[in-house]
Protein chains: 2
Amino acid sequence: MESMPFNVMDHNCPSRVVLQRIGDKWTPLIFQALKGGARRFGEIRQTVDGVSPKVLTQSLRALERDGLVTREVFAEVPVRVEYALTALGESLLEPLDAVRIWAEAHAARILAARDAYDESSLRAEELTTA
Amino acid sequence: MESMPFNVMDHNCPSRVVLQRIGDKWTPLIFQALKGGARRFGEIRQTVDGVSPKVLTQSLRALERDGLVTREVFAEVPVRVEYALTALGESLLEPLDAVRIWAEAHAARILAARDAYDESSLRAEELTTA
DNA sequence: CCGTATCCAGCTCGATACTG
DNA sequence: CAGTATCGAGCTGGATACGG
């Protein structure tokens with residue numbers, strides 16, 4: 001019985017914690033990188049583009065902590081470390097993709113709205129200043 | 001032609017901006033509050049529970065700026081201000097719900113994984129200290 | 001190769017008090 | 001009623017250098 005034990009609107013609702021993991025700056029990117037199977041640290045770092053090693057480690061650890069990603073260390077020289085989505089992580093892929101696709105589809109419109117908004121509030125400011 | 005002009009993996013990809021709006025601390029809560037139609041500032045504040053007026057205003061303005069929410073001021077005494085989802089905002093409801101439902105369904109498992117992880121890393125720390 | 005250590009800038013969130 | 005002003009604490013993200 002795992003369905004609906006929590007409600008987002010509750011004060012300290014656990015699902016809010018989960019939502020914030022998802023909304024994390026790098027989480028969607030990492031999920032994209034891991035979509036096709038296990039990847040090495042360096043591969044992820046290149047794919048994600050621009051993330052510092054510290055921050056990438058932080059994000060991956062957080063994901064591992066939540067049981068969404070596994071971390072496997074191979075005792076070779078040089079060391080090889082592979083990350084992969086768990087079953088739970090895979091199950092998140094679908095709803096996450098829904099949001100990502102929406103975002104990709106509407107990003108242009110949103111950025112345009114943002115520009116228009118900034119421009120009009122800029123004009124308003126000029127009026128009060130004058 | 002509004003589909004797929006952007007890719008999340010790009011360095012300064014606009015859809016990342018959108019994803020982060022969605023991942024914002026209060027956005028999902030506000031969307032829940034606005035789901036059933038227009039709401040007044042005070043109503044939203046009560047529904048969302050625990051948000052300070054300043055932060056709620058910030059979040060609502062950001063959503064308005066992105067064209068996801070409208071803000072309507074009624075010249076009454078006392079003033080009434082109503083917020084509502086735009087068509088664009090409504091269209092986000094579905095993918096957002098998908099994530100929210102996933103989060104509500106798996107929050108318990110994730111929090112358990114988190115506890116287990118913290119406990120085992122605590123034991124590891126005790127070993128190195130000893 | 002895969003990280004950690006250090007240090008720091010900037011932003012987010014918040015409490016509180018006050019105004020049109 | 002619906003905000004804004006102010007101040008501040010804390011966290012996030014980042015550059016850089018070094019360690020196992």
Side-chain angles (χ1 to χ4, degrees), chain A residues 11-13 16-17 19-30 33-34 38-66 69-84 121 124-125 128-129, chain B residues 11-13 16-17 19-30 33-34 38-66 69-84 114 121 124-125 127-129:
Chain A
H11 185 51
N12 273 326
C13 170
R16 287 183 57 181
V17 179
L19 282 172
Q20 279 171 250
R21 275 253 65 58
I22 291 168
D24 181 275
K25 184 168 186 181
W26 301 107
T27 298
L29 291 294
I30 293 173
L34 260 38
R39 293 282 177 275
R40 305 181 57 165
F41 185 86
E43 291 177 315
I44 301 173
R45 197 180 166 189
Q46 284 167 11
T47 309
V48 169
D49 177 38
V51 66
S52 74
K54 195 198 78 171
V55 173
L56 182 56
T57 300
Q58 278 176 2
S59 306
L60 285 168
R61 287 285 142 81
L63 260 18
E64 190 197 0
R65 190 170 97 112
D66 289 350
V69 157
T70 57
R71 174 175 183 269
E72 194 172 2
V73 184
F74 297 87
E76 306 171 352
V77 186
V79 190
R80 184 168 103 249
V81 181
E82 285 193 351
Y83 295 88
S121 57
E125 202 176 330
T128 53
T129 311
Chain B
H11 183 50
N12 272 325
C13 170
R16 287 183 57 180
V17 178
L19 282 171
Q20 278 170 253
R21 275 253 110 306
I22 292 168
D24 181 274
K25 184 169 185 182
W26 301 108
T27 298
L29 291 295
I30 292 173
L34 261 36
R39 293 281 178 272
R40 305 182 56 167
F41 185 86
E43 290 177 316
I44 300 172
R45 195 181 167 189
Q46 283 167 12
T47 309
V48 168
D49 178 38
V51 66
S52 75
K54 194 195 80 172
V55 173
L56 182 55
T57 299
Q58 278 176 2
S59 306
L60 286 168
R61 288 284 144 81
L63 293 173
E64 191 198 358
R65 191 169 96 113
D66 288 351
V69 157
T70 57
R71 176 176 181 269
E72 193 171 3
V73 184
F74 297 87
E76 305 171 356
V77 186
V79 192
R80 186 169 99 249
V81 180
E82 286 193 350
Y83 294 88
R114 205 173 271 196
S121 58
E125 203 177 328
L127 285 176
T128 52
T129 311

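Just so it is clear: chains get the letters A, B, ... in the order the sequence lines come, proteins before strands, and each one is counted from 1. All heavy atoms count here, side chains included; hydrogens, waters and symmetry mates do not.
The listed nucleotides are D:dA15, C:dC13, D:dG20; the one nearest the side chain of B:K25 is C:dC13. Side-chain proximity of B:W26 to C:dG14, D:dA15, D:dA2: nearest is C:dG14.
The nearest whole Å value for the distance from the CZ atom in B:R21 to the C1' atom in C:dT12 is 12 Å. In this entry the distance linking CG of B:L56 with P of C:dG14 reads 11 Å, nearest Å. Distance B:R40 CZ to D:dG3 C1': 13 Å, rounded to the nearest Å. What separates CD of B:E76 from C1' of D:dA2 is a distance of 13 Å, to the nearest Å. The distance between atom CD of B:E72 and atom P of D:dA2, rounded to the nearest whole Å, is 13 Å.
Side-chain contact check for A:L56 versus A:I30: some heavy-atom pair is nearer than 4.5 Å. Inter-residue side-chain proximity for B:R39 and B:T47 is flagged as unmet; no heavy-atom pair is nearer than 4.5 Å. Contact check for B:T57 versus B:F41: side-chain heavy atoms found under the 4.5 Å cut-off. Between A:V17 and B:R114, some side-chain heavy-atom pair lies under the 4.5 Å cut-off.
Remark: B:I44 CD1 to B:L29 CG distance equals 11.5 Å, nearest 0.5 Å. Interatomic distance, CG of B:L63 versus OG1 of B:T27, reported as 5.0 Å (0.5 Å rounding).
Nearest-nucleotide mapping onto DNA chain C: of A:E43 and B:D24, the residue sitting toward the 5' end is A:E43.
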Original post:
What string of B, S and - do you get for nucleotides 3-10 of chain C 5' to 3' if you count protein non-hydrogen atoms under 4.0 Å?
Top reply: SB-B----

